[in-house]
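Structure, as structure tokens:
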Amino acid sequence: MTVPPPIIAPSILAADFSRLAEEVRAVEDAADWLHVDVMDNHFVPNLTIGLPVVQSLRAATKLPFDVHLMITDPRRWAPGYADAGAYNVTFHAEACDDPVALAKDLRAAGAKAGLAIDRDTPIEPYLDLLPSFDTLLIMTIKAGFGGQRFIPQLLDKVRTVRRHVDAGHLDLRIEVDGGIAADTIEQAAAAGADAFVAGTAVYGADDPAEAVRRLRGLAERAAPGA
Ligand code: DX5
Ligand code: ZN
């Protein structure tokens, strides 16, 4: 297995929304990406933030944005996030009938393209599509809310994708999202994930930057071949 150094992506869903720029700067020197959860009250029951917040926040930090769209009709909305300067734009497989076409649109707009797989969706039908993507986000909870309990059984999907990526020499980040914390990140890393979203574990901590560093250390030491 050849797993690149881990990406740690704090999720601002767990931050104080009245002080977003400050909360982002608190992890600026420690994190790799900033994870932005966009929810539309249709694809998921929850409602969070959208394009205007991303546009404003873009000027407030140097961190690359990892935008996670939990929305219906991503073909209509996703390219706008690429235009707003997002580094990576991830949309849900369950919400899109032509994921490869949207991945092409996102890459053409200058972003990396990400595909997200929710809790109840099997990974096998999507394996052949992976060369069109830069990131694959495997939910380790049911998408929609922060602060849920990590579901270890979902790491079987990570193992399957890691084998597929290594066998095909694909250039793909395998990202996990949901319940990632000091007591769960090692199992996710050992399964072959190499990008880790953490909301509560970072912004629920007294020192968010220190929490990011700790997660990184755990992920590095648990990575296959480390
Ligand atoms: C939930 C979001 C996650 C969420 C994770 O649907 O996609 O990114 O912020 O939060 P924690 O780390 O608290 O589980
Ligand atoms: Zn997310």
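Each ligand, and each atom within it, is numbered from 1 in the order the structure gives. Note: hydrogens, waters and symmetry copies are ignored here, and every other heavy atom, side chains too, is used.
The backbone N or O of Phe145 lies less than 3.5 Å from no partner atom in the side chain of Asn46, so there is not a single donor-acceptor pair.
A salt bridge between Arg107 and Asp134 is present, with a side-chain N of the basic residue lying under 4.0 Å from a carboxylate O of the acidic one. A salt bridge links Arg213 with Glu210: the closest approach of a Lys/Arg side-chain nitrogen to an acidic carboxylate oxygen falls below 4.0 angstrom. In summary, Asp97 and Arg75 do not engage in a salt bridge, as defined by a charged side-chain N under 4.0 Å from a carboxylate O.
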Does ligand 1 have any N/O atom under 3.5 Å from a protein N/O, and what are those pairs and their distances?
residue  : atom   : partner : partner atom : Å
ligand 1 : 6 (O)  : Gly144  : N            : 2.8
ligand 1 : 7 (O)  : Asp37   : OD1          : 3.0
ligand 1 : 7 (O)  : His68   : ND1          : 3.2
ligand 1 : 7 (O)  : Asp177  : OD2          : 2.9
ligand 1 : 8 (O)  : His35   : NE2          : 3.3
ligand 1 : 8 (O)  : Asp37   : OD1          : 3.1
ligand 1 : 8 (O)  : Asp37   : OD2          : 2.8
ligand 1 : 8 (O)  : Asp177  : OD1          : 2.7
ligand 1 : 8 (O)  : Asp177  : OD2          : 3.0
ligand 1 : 9 (O)  : Ser11   : OG           : 2.9
ligand 1 : 9 (O)  : Asp37   : OD2          : 2.9
ligand 1 : 12 (O) : Gly199  : N            : 2.8
ligand 1 : 13 (O) : Gly147  : N            : 2.9
ligand 1 : 13 (O) : Thr200  : N            : 3.1
ligand 1 : 13 (O) : Thr200  : OG1          : 2.4
ligand 1 : 14 (O) : Gly179  : N            : 2.8

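Taking each heavy atom of Thr72 and Phe43 in turn, the nearest pair found is N-CB, 3.6 Å.
Side-chain contact check for Thr121 versus His92: every heavy-atom pair is 4.5 Å or farther apart.
Aromatic pair Trp33/Tyr87: ring centres closer than 6.0 Å.
When you scan the N, O or S atoms of Asp37 for the one nearest the Zn ion (ligand 2), you land on OD1. No other N/O/S atom of His68 lies as close to the Zn ion (ligand 2) as ND1 does. Take the N/O/S atoms of Asp177: the one nearest the Zn ion (ligand 2) is OD2.
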